[in-house]
Amino acid sequence: VQRGMKVTLPRAEGNVSQTQNIRIVITATDELLLDGRTSLPQDALIDAVVLRHNTLNLPVIIAADRQAHAGITLELMATLRARGIEKVTYQVDKQK
């Protein structure tokens, strides 16, 4: 169970993944949290995620609050992919 900052995710259809991953949370105030707990500046967060990914080969999931600015999320995804992380996905709530 991962505990940390609560965010309101967007909704979409699809299956929920239950595998291990590296989780980045973007709060409604655009704060970046590693695994939903540790607040980091963007550069430090990216370095930590790249190191963990390269060591453990885990996928990266970004969970951004609906109120977070889309530009931060898109920039983060693009930067992670440019740093060699191919497995970057965006977490959403399952549509009801």
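Index from 1, following the sequence. The figures here come from the full heavy-atom set of this structure, side chains too, leaving out hydrogens, waters and symmetry mates.
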Please walk me through it: do Leu32 and Leu40 pass side chain to side chain contact (heavy atoms under 4.5 Å, CB included)?
-> CA-CA 6 Å; Leu32 299 173; Leu40 295 170; 5.7 Å; no
When clusters are formed by joining ILVMFWY residues with side-chain heavy atoms under 4.5 Å apart, either directly or through shared neighbours, do Leu56 and Leu51 land in the same one?
-> no
Taking the side chain as every heavy atom from C-beta outward, state whether Ile24 and Asp35 have any atom pair closer than 4.5 Å.
-> no
Given Lys87, which of Leu58, Leu80, Ile61, Asn57 fulfils the side-chain contact (heavy atoms from CB on, under 4.5 Å) condition?
-> Asn57
Smallest separation among heavy atoms of Ile62 and Leu76, with atom names = CD1-CD2, 4.0 Å
In one Ile/Leu/Val/Met/Phe/Trp/Tyr side-chain cluster, 4.5 Å: Tyr90, Leu34 = yes
Would a distance-only check, ignoring hydrogens and angles, find a side-chain to backbone donor-acceptor pair under 3.5 Å from Asp65 to Ile26?
-> no
Electrostatic pair Arg52:Asp47 at N-O distance under 4.0 angstrom = no
Would you say Gln67 has more than 12 foreign heavy atoms packed within less than 6.0 Å of its CD?
-> no
Any side-chain heavy atom of His53 sitting closer than 4.5 Å to one from Arg83?
-> no
Whether Arg81 side chain and Val88 backbone form a donor-acceptor pair below 3.5 Å | yes
Taking side chain as C-beta onward, heavy atoms only, is Thr38 less than 4.5 Å from Leu33?
-> no
